[in-house]
Amino acid sequence: MPKLPFSFYQDTDVNSLALQLLGKQLFTLIDGRLTGGTIVETEAYNGIEDKASHAYGGRLTNRTSIMYQSGGVSYVYLCYGIHHLFNVVTAPEGIPHAVLIRGVEPAAGLDIMLERRNMTALKPNLTAGPGALAKALGIDKGLNAKDLLGEEIWIEDNRITIAGQLVAASPRVGVDYAGDHALLPWRYYIKGNKFVSKPNS
DNA sequence: GTGCGGATGAACT
DNA sequence: GTTCATCCGCACT
């Protein structure tokens, strides 16, 4: 399947892109080992206007600078000192929008993902949740700021569009610190999919 | 230089 | 439901 083109990532509507990323396929190729899966859960982070975003208020630091790049690159950071979280940077240069990938359904390299997670059998928690899927796919800070049209981490267009009635929207997870913005329904997931991290109905 | 707390997950009670 | 692992980005002194 072809990689999603640069143009895909330039949309300034980050919620639209978070929806469009559902059903697409995320892959990594690390040390010759291919792993990947279908994106089933995302969250939109709307740049400088979004209190839950690292770039809220136009904050520009060494860490967040990647968010201001043209869409189509990775933003990986360490959360709670333990978990790496993977985001897709979107929108043209200067607009720090990003989509957090929160769940994928395994599609390639299952044995490798099990090994990375110290698991022996496929269970939903292999790749349900942003920290879990990053570990399964071998994503860490070494994959920060990578071109998503490159050879280490990329997203393929499988020509599948998830019908609107199969998608649910809900408030984002773990962003209580964002006050009123914590209530915005900017988390999207495929209803009923086992690899969605939390409530799904 | 110091201190706080986080876009989580797993193991407990 | 609660606890805790475990790091560093970031704001402030």
Side-chain angles (χ1 to χ4, degrees), chain A residues 14-15 17-19 21-22 26 35 37 39-69 71 73-91 95-106 113-146 148 153 155 168-189 193-200:
Chain A
V14 70
N15 278 280
L17 275 175
L19 275 165
L21 282 167
L22 292 176
L26 171 66
T35 53
I39 296 169
V40 300
E41 180 181 357
T42 61
E43 281 179 1
Y45 285 84
N46 191 32
I48 65 174
E49 302 171 10
D50 184 353
K51 292 178 185 175
S53 170
H54 294 157
Y56 175 59
R59 188 166 51 183
L60 176 57
T61 66
N62 194 53
R63 181 176 67 151
T64 64
S65 62
I66 188 63
M67 300 176 76
Y68 292 80
Q69 296 299 307
V73 297
S74 63
Y75 169 42
V76 179
Y77 76 99
L78 183 64
C79 187
Y80 296 107
I82 305 171
H83 306 289
H84 291 278
L85 273 59
F86 168 70
N87 296 253
V88 177
V89 173
T90 70
I95 301 176
H97 290 178
V99 176
L100 172 67
I101 307 302
R102 291 191 53 90
V104 304
E105 179 170 337
M113 293 194 284
L114 287 169
E115 175 191 324
R116 288 180 178 142
R117 297 273 288 124
N118 291 118
M119 294 170 61
T120 53
L122 174 59
K123 292 184 293 184
N125 72 347
L126 177 70
T127 52
L133 75 87
K135 188 172 182 187
L137 295 183
I139 296 170
D140 61 19
K141 294 201 73 176
L143 285 185
N144 185 220
K146 294 292 184 183
L148 295 178
I153 182 167
I155 300 174
S170 77
R172 293 171 292 180
V173 177
V175 295
D176 292 347
Y177 61 85
D180 51 325
H181 288 184
L183 301 175
L184 296 168
W186 288 356
R187 169 179 176 240
Y188 304 99
Y189 58 90
N193 188 283
K194 295 185 181 64
F195 297 90
V196 172
S197 65
K198 292 208 166 160
N200 70 78

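Numbers restart at 1 for each chain; the letters A, B, ... are given by sequence-line order, proteins then strands. Side-chain atoms are counted along with the backbone in the values below, which use heavy atoms only and exclude waters and symmetry mates.
With a 4.5 Å cut-off on side-chain heavy atoms, A:V196 and A:K194 do not count as touching. Contact annotation: the side chain of A:V88 approaches that of A:I101 to within less than 4.5 Å [non-hydrogen atoms, C-beta and beyond].
For A:D50, the side-chain hydrogen bond (donor to acceptor under 3.5 Å, both in side chains) test picks out A:R172, with sequence neighbours left out. Checked against salt bridge (charged side-chain N to carboxylate O under 4.0 Å, His left out), A:K135 has no partners two or more places apart in sequence or in another chain. In terms of the salt bridge (charged side-chain N to carboxylate O under 4.0 Å, His left out) criterion, residue partners of A:E115 (sequence neighbours excluded) are, by chain and number, A:R33. For A:Q69, there are no side-chain hydrogen bond (donor to acceptor under 3.5 Å, both in side chains) partners, not counting sequence neighbours.
Nucleotides of DNA chain B with any atom under 4.0 Å from a heavy atom of chain A span, from 5' to 3', B:dG6 to B:dA10.
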| Nucleotide pairing, DNA chain C (Watson-Crick or G-U, distances under 3.5 Å), in dot-bracket with [ ] and | | |||||.||||||.
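Here A:L148 contributes atom CG and A:I155 contributes atom CD1; the two are 5.5 Å apart, rounded to the nearest 0.5 Å. Interatomic distance, A:N15 CG to A:L17 CG, rounded to the nearest 0.5 Å: 9.5 Å.
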Check: residues 117-134 of chain A side-chain donor-acceptor pairs under 3.5 Å, at least two apart:
| unit_1 | atom_1 | unit_2 | atom_2 | d |
| --- | --- | --- | --- | --- |
| A:R117 | NE | A:L126 | O | 3.0 |
| A:R117 | NH2 | A:N125 | O | 2.6 |
| A:T127 | OG1 | A:V104 | O | 2.6 |

For residues 51-63 of chain A, dump all side-chain donor-acceptor pairs below 3.5 Å to protein atoms at least two apart in sequence or in another chain.
| unit_1 | atom_1 | unit_2 | atom_2 | d |
| --- | --- | --- | --- | --- |
| A:K51 | NZ | A:D180 | OD1 | 2.7 |
| A:S53 | OG | A:A55 | N | 2.9 |
| A:H54 | ND1 | A:Y75 | OH | 2.7 |
| A:R59 | NE | A:H54 | O | 3.0 |
| A:R59 | NH2 | A:H54 | O | 3.1 |
| A:T61 | OG1 | A:R63 | N | 3.3 |
| A:T61 | OG1 | A:T64 | N | 3.3 |
| A:T61 | OG1 | A:T64 | OG1 | 3.4 |

Residues 40-48 of chain A side chain polar contacts: donor-acceptor under 3.5 Å, at least two apart:
| unit_1 | atom_1 | unit_2 | atom_2 | d |
| --- | --- | --- | --- | --- |
| A:E41 | OE1 | A:S197 | N | 2.6 |
| A:E41 | OE1 | A:S197 | OG | 3.1 |
| A:E41 | OE2 | A:R102 | NE | 2.9 |
| A:E41 | OE2 | A:R187 | NE | 2.7 |
| A:E41 | OE2 | A:R187 | NH2 | 3.0 |
| A:E41 | OE2 | A:S197 | OG | 2.9 |
| A:T42 | OG1 | A:A18 | O | 2.9 |
| A:E43 | OE1 | A:Y45 | OH | 2.7 |
| A:E43 | OE2 | A:V173 | N | 2.8 |
| A:N46 | OD1 | A:H97 | NE2 | 3.1 |

| request: Going 5' to 3' through nucleotides 2-13 of chain C, assign each nucleotide B (protein heavy atom under 4.0 Å from a base atom), S (under 4.0 Å only from sugar-phosphate atoms) or - (no protein heavy atom that close). | output: ---BBB-SSS--
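Each side chain to side chain donor-acceptor pair (under 3.5 Å) pair with one or both residues in residues 136-146 of chain A, not counting sequence neighbours, appears once here: A:K146-A:E152.
Comparing C:dT6 with B:dT2, their P atoms sit 23 Å apart, to the nearest whole Å.
Residues of residues 114-136 of chain A that place a heavy atom closer than 4.0 Å to DNA chain C do not occur.
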